[in-house]
Amino acid sequence: QVQLEEVGGGSVQPGGSLRLSCAASGFTTSAICMGWFREVPGKEREGVAAADTDGSPALADSVKGRFTISKDNSRQILYLEMNNLQPTDTAIYYCAAEDAYCSTQGLLQHDEYTYWGHGTQVTVSS
């Protein structure tokens with residue numbers, strides 16, 4: 001049974017930092033794509049950052065220069081380092097994974113992913 005365990009999140013002031021991690025288990029292959037998405041009420045789930053089967057990263061324009069994504073392929077853990085957080089980053093952050101075909105163009109598209117974590121809240125407020 002595939003599981004995605006998300007760790008991290010919380011509340012910080014503007015300009016602060018947080019780190020999220022997502023550990024995947026239950027996959028029969030080590031070649032999985034993984035990504036972080038975020039959602040706020042009334043808006044579509046947004047792709048934030050992702051890594052393909054080789055760990056090559058993709059970042060949304062809104063977080064470039066502030067967020068860093070990395071993937072430990074051997075342990076199937078995805079990390080998201082978030083710096084200079086702003087109130088607009090407030091959302092529930094979800095980890096996603098896919099063990100079938102992952103297209104480079106689709107890494108930040110939520111409908112490319114089959115498996116999802118339960119989500120973790122990130123709140124940025126003064």
Side-chain angles (χ1 to χ4, degrees):
Q1 181 180 358
V2 170
Q3 288 187 320
L4 299 177
E5 183 179 358
E6 299 146 328
V7 177
S11 297
V12 294
Q13 294 185 338
S17 298
L18 285 172
R19 187 190 199 208
L20 305 181
S21 64
C22 174
S25 61
F27 285 100
T28 57
T29 176
S30 60
I32 62 173
C33 298
M34 298 180 73
W36 285 103
F37 293 76
R38 63 188 180 188
E39 188 173 313
V40 296
K43 291 189 177 181
E44 188 175 355
R45 192 168 291 190
E46 174 193 18
V48 176
D52 68 9
T53 55
D54 294 328
S56 296
L59 287 166
D61 289 342
S62 59
V63 304
K64 284 181 180 176
R66 301 188 298 124
F67 291 12
T68 302
I69 190 160
S70 60
K71 181 165 167 268
D72 184 332
N73 286 327
S74 63
R75 298 168 63 194
Q76 296 189 326
I77 300 176
L78 188 70
Y79 301 98
L80 184 66
E81 190 74 38
M82 304 184 290
N83 297 313
N84 191 20
L85 283 160
Q86 300 300 315
T88 50
D89 296 313
T90 296
I92 299 175
Y93 283 68
Y94 295 90
C95 177
E98 178 58 50
D99 57 352
Y101 175 71
C102 306
S103 67
T104 301
Q105 298 83 353
L107 279 176
L108 295 179
Q109 303 300 317
H110 63 83
D111 54 4
E112 292 272 305
Y113 293 84
T114 301
Y115 304 98
W116 292 86
H118 294 297
T120 184
Q121 178 70 45
V122 171
T123 302
V124 185
S125 173
S126 55

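Computed from heavy atoms alone, side chains included, the values below leave out hydrogens, waters and symmetry copies.
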Peer 1: Please find the pair of heavy atoms, one from Leu85 and one from Arg66, that lie closest to each other, and give the distance.
Peer 2: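 Taking Leu85 first and Arg66 second, the nearest heavy atoms are CA-NH1, 3.9 Å.
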Peer 1: Using only atom types and a distance under 3.5 Å, with no angle test, would you say the side chain of Tyr115 pairs donor to acceptor with the backbone of Cys95?
Peer 2: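 No: the side chain of Tyr115 does not pair with the backbone of Cys95.
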Peer 1: Quiz question: by atom type and distance under 3.5 Å, do the side chains of Asp72 and Ser74 form a donor-acceptor pair?
Peer 2: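 Yes - a donor-acceptor pair under 3.5 Å links their side chains.
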Peer 1: Search all heavy atoms of Asn83 against all heavy atoms of Ser17 and return the closest pair with its distance.
Peer 2: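 Looking at all heavy atoms of both residues, the shortest contact is OD1-OG, 2.8 Å.
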Peer 1: Quick check: do Val40 and Thr90 have side-chain heavy atoms less than 4.5 Å from each other?
Peer 2: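 No, too far: nothing below the 4.5 Å cut-off.
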Peer 1: Under a single-linkage definition using a 4.5 Å side-chain heavy-atom cutoff for Ile, Leu, Val, Met, Phe, Trp and Tyr, are Phe37 and Val63 assigned to the same hydrophobic cluster?
Peer 2: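 Shared cluster, no.
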Peer 1: Lys71 and Thr53: which non-hydrogen atoms are nearest, and at how many Å?
Peer 2: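 It is NZ-O, 3.5 Å.
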Peer 1: What about Leu20 and Tyr113, same hydrophobic cluster or not, with Ile/Leu/Val/Met/Phe/Trp/Tyr joined at side-chain heavy-atom distances under 4.5 Å?
Peer 2: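 No, because Leu20 and Tyr113 fall into different hydrophobic clusters, even though each may have its own neighbours under 4.5 Å.
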Peer 1: Do you see a donor-acceptor pair shorter than 3.5 Å between the side chains of Thr114 and Glu98?
Peer 2: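 Thr114 vs Glu98: donor-acceptor pair found between side chains.
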Peer 1: Could you tell me whether the side chain of Ser30 reaches within less than 4.5 Å of the side chain of Gln76, counting heavy atoms only?
Peer 2: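 Side chain of Gln76 against side chain of Ser30, heavy atoms only: contact under 4.5 Å found.
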Peer 1: Within the 4.5 Å heavy-atom criterion, are Ser125 and Ser11 side-chain neighbours or not?
Peer 2: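 SC-SC contact between Ser125 and Ser11 ruled out.
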Peer 1: Given side chains that start at C-beta, do those of Glu112 and Ser103 come closer than 4.5 Å, heavy atoms only?
Peer 2: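 Glu112 reaches Ser103 side chain to side chain.
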Peer 1: Going by heavy atoms in the side chains, are Leu4 and Tyr94 under 4.5 Å from each other?
Peer 2: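 Contact flag for Leu4/Tyr94 side chains = no.
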Peer 1: Can any side-chain N or O of Glu6 pair as donor or acceptor with the backbone N or O of His118 at less than 3.5 Å?
Peer 2: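 At least one qualifying donor-acceptor pair exists.
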Peer 1: Leu78, Val48: one ILVMFWY side-chain cluster at the under-4.5 Å cut-off?
Peer 2: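 Yes: a chain of side-chain contacts under 4.5 Å links Leu78 to Val48.
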Peer 1: To check you understand the geometry: which heavy-atom pair defines the closest contact between His110 and Trp116, and what is its length?
Peer 2: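 For His110 versus Trp116, the nearest heavy atoms are O-CZ2, 3.4 Å.
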Peer 1: Verify the cluster assignment for Ile92 and Val122: are they in a single hydrophobic cluster under the rule of side-chain heavy atoms below 4.5 Å apart?
Peer 2: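 Different hydrophobic clusters.
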Peer 1: Who pairs with Arg38 by salt bridge (Lys or Arg N to Asp or Glu O under 4.0 Å), at least two apart in sequence or on another chain?
Peer 2: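 For Arg38 the salt bridge (Lys or Arg N to Asp or Glu O under 4.0 Å) partners, ignoring immediate neighbours, are Glu46, Asp89.
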Peer 1: Would you check if Phe67 and Trp36 make a side-chain contact, meaning some heavy-atom pair closer than 4.5 Å?
Peer 2: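 Sidechains of Trp36 and Phe67: no contact.
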Peer 1: How many angstroms lie between atom OG of Ser25 and atom CZ of Arg75, to the nearest 0.5 angstrom?
Peer 2: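 The CZ atom of Arg75 is 13.0 Å from OG of Ser25, to the nearest 0.5 Å.
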Peer 1: Are any side-chain N or O atoms of Thr120 and backbone N or O atoms of Gly8, one a donor and one an acceptor, separated by less than 3.5 Å?
Peer 2: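 Answer holds: yes.
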Peer 1: Can you hop from Leu18 to Val7 via hydrophobic side chains spaced under 4.5 Å?
Peer 2: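 Per the 4.5 Å side-chain linkage, Leu18 and Val7 are not co-clustered.
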Peer 1: Indicate the atoms forming the closest heavy-atom contact of Leu59 with Ala49, along with that distance.
Peer 2: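 Heavy atoms of Leu59 and Ala49 come nearest at CD2-CB, 3.4 Å.
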Peer 1: For Tyr79, which fellow cluster members are found when Ile, Leu, Val, Met, Phe, Trp and Tyr are connected by side-chain heavy-atom distances below 4.5 angstrom, either directly or through intermediates?
Peer 2: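 Members besides Tyr79, by chain and number: Ile77.
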Peer 1: Can you establish whether the number of heavy atoms outside Gln121 located under 6.0 Å from its atom CD is more than 12?
Peer 2: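 Yes, the 6.0 Å shell around CD holds more than 12 heavy atoms from other groups.
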Peer 1: Atom CZ in Phe27, atom CD in Gln3: separation rounded to 0.5 Å?
Peer 2: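 One gets 10.5 Å once the value is rounded to the nearest 0.5 Å.
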Peer 1: Which pair of non-hydrogen atoms, one from Pro57 and one from Ile69, has the smallest distance, and what is that distance?
Peer 2: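 Here Pro57 and Ile69 meet closest at CB-CG2, 3.6 Å.
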